[in-house]
Amino acid sequence: MKKIMVGIILVLICITIFFIINNKISIKNYSNNDFSIKYDNTWKIDNKDELKLVHKKSNSIVSIKTMVLDDNYIDTNLNEIVGNVIYSIHDQNKDYNMLSSDDISDKYQAMSYMFENDSKNVLVNIYKKDAKLIIVYYEAEFKYYDIVLDSVDSILDSLEIKVGE
């Protein structure tokens with residue numbers, strides 16, 4: 001009986017190693033005049049004009065848009081600006097309910113908003129550097145949201161906002 005169990009464990013280890021070797025995750029870079037990010041090969045670029053990444057297995061979406069504010073907003077706090085952006089999100093997506101909002105300041109002024117509708121969770125992060133806003137929109141079906149979130153967090157952590165170019 002022990003020999004059978006050891007044999008099964010060895011087969012499972014071999015299968016796992018084979019799976020890991022054949023599914024290497026590589027990191028890709030994306031950069032434009034406004035920002036740069038790093039993402040892994042589980043994502044594909046669907047649109048480069050307004051960056052849209054689609055997760056290959058779950059069809060979850062990460063969309064990144066840039067807004068350039070008037071010069072008089074360079075010293076304005078993000079909290080004073082973000083109301084209009086959130087209003088637009090509500091206006092365009094009336095079936096979304098806001099679950100939470102958090103100040104996620106790290107290297108930029110940043111706010112995070114969590115929404116949901118009947119089938120999806122949506123995370124909207126808004127970053128401000130000088131007069132530039134970067135809006136990151138992550139949408140996934142309930143069953144995939146948490147599974148893909150680690151990959152999305154890696155993308156968000158890699159975000160670099162460019163200014164003065």
Side-chain angles (χ1 to χ4, degrees), residues 8-9 11-32 34-67 78-79 81-129 132-162:
I8 290 173
I9 290 172
V11 169
L12 289 174
I13 290 172
C14 290
I15 290 171
T16 303
I17 291 171
F18 176 79
F19 181 74
I20 290 170
I21 290 171
N22 286 325
N23 289 309
K24 291 180 185 176
I25 294 181
S26 62
I27 303 299
K28 299 180 179 185
N29 295 306
Y30 174 87
S31 185
N32 63 20
D34 298 313
F35 64 88
S36 65
I37 60 161
K38 295 178 181 177
Y39 62 97
D40 63 55
N41 62 340
T42 61
W43 297 91
K44 64 181 179 184
I45 293 181
D46 187 54
N47 183 351
K48 283 189 176 184
D49 295 333
E50 289 185 355
L51 181 63
K52 180 179 175 184
L53 299 171
V54 177
H55 192 261
K56 293 177 183 175
K57 293 184 180 176
S58 70
N59 286 324
S60 300
I61 296 170
V62 171
S63 176
I64 304 176
K65 299 178 182 180
T66 304
M67 291 178 59
L78 178 62
N79 292 329
I81 299 169
V82 80
N84 291 332
V85 176
I86 295 306
Y87 178 78
S88 293
I89 292 169
H90 272 299
D91 195 41
Q92 295 170 13
N93 304 287
K94 296 193 186 297
D95 61 333
Y96 283 5
N97 297 314
M98 187 186 304
L99 300 177
S100 64
S101 65
D102 295 307
D103 187 353
I104 56 170
S105 287
D106 241 8
K107 49 187 170 181
Y108 308 112
Q109 292 180 51
M111 296 290 296
S112 181
Y113 297 89
M114 180 71 155
F115 298 89
E116 75 174 5
N117 66 12
D118 292 336
S119 63
K120 296 179 181 178
N121 282 336
V122 176
L123 175 71
V124 177
N125 284 2
I126 304 169
Y127 301 87
K128 180 181 181 291
K129 183 173 181 182
K132 196 172 284 186
L133 288 183
I134 303 292
I135 302 168
V136 181
Y137 175 88
Y138 164 53
E139 177 182 84
E141 291 182 27
F142 289 143
K143 63 184 176 183
Y144 296 117
Y145 184 85
D146 288 333
I147 295 169
V148 180
L149 188 57
D150 283 342
S151 180
V152 173
D153 283 340
S154 294
I155 293 169
L156 296 174
D157 289 343
S158 75
L159 177 70
E160 293 293 331
I161 301 173
K162 301 174 185 177

Check whether any side-chain heavy atom of [X] lies under 4.5 Å from a side-chain heavy atom of [Y], and answer yes or no.
{"X": "Asp118", "Y": "Asp95", "value": "no"}
{"X": "Ile134", "Y": "Ile64", "value": "yes"}
{"X": "Leu53", "Y": "His55", "value": "no"}
{"X": "Asp46", "Y": "Leu51", "value": "no"}
{"X": "Val122", "Y": "Tyr96", "value": "yes"}

Exercise for review: Under the ring pair (Phe, Tyr, Trp, His ring centres under 6.0 Å) rule, collect the residues that match up with Tyr144, sequence neighbours excluded.
Suggested key: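 Ring pair (Phe, Tyr, Trp, His ring centres under 6.0 Å) list for Tyr144, sorted by chain: empty.
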Measure from the side-chain N and O atoms of [X] to the backbone N and O of [Y], and report whether any donor-acceptor pair falls under 3.5 Å.
{"X": "Ser151", "Y": "Val148", "result": "no"}
{"X": "Tyr138", "Y": "Tyr145", "result": "yes"}
{"X": "Lys52", "Y": "Val62", "result": "no"}
{"X": "Ser154", "Y": "Asp150", "result": "yes"}
{"X": "Lys56", "Y": "Asn41", "result": "yes"}

Practice item. Please name the residue in the list Gln109, Met67, Met111 that meets the side-chain contact (heavy atoms from CB on, under 4.5 Å) test with Lys128. Key: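 So, applying the side-chain contact (heavy atoms from CB on, under 4.5 Å) to Lys128 and each of Gln109, Met67, Met111, only Gln109 qualifies.
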Exercise for review: Taking atom CG of Asn29 as the centre, report whether more than 12 heavy atoms of other residues, nucleotides or ligands fall under 6.0 Å from it.
Suggested key: yes
Review point. Should Tyr127 and Phe35 be marked as a ring-ring contact (aromatic ring centres under 6.0 Å, His included) after you check the CA-CA gap, both sets of side-chain angles, and the distance that decides it?
Key: CA-CA 11 Å; Tyr127 301 87; Phe35 64 88; over 10 Å; no
With [X] via side chain to side chain contact (heavy atoms under 4.5 Å, CB included) - residues at least two apart:
{"X": "Lys129", "value": "Tyr108, Ile161, Val163"}
{"X": "Ser119", "value": "Asn117"}
{"X": "Leu99", "value": "Met114, Glu116"}

Review point. Which residue pairs pass the salt bridge (Lys or Arg N to Asp or Glu O under 4.0 Å) test when at least one of the two sits in residues 136-145, sequence neighbours left out?
Key: Lys120-Glu139
Check your understanding: Are Asn125 and Ser112 linked by a side-chain donor-acceptor pair shorter than 3.5 Å?
Key -> yes
Practice item. Grab the two heavy atoms, one from Phe142 and one from Asn121, that are nearest each other, plus how far apart they are. Key: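 Scanning both residues, the minimum pair turns out to be CE2-OD1, 3.1 Å.
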Exercise for review: Return the set of residues passing side-chain hydrogen bond (donor to acceptor under 3.5 Å, both in side chains) with Thr42 (not counting sequence neighbours), or none when no residue passes.
Suggested key: Asp40
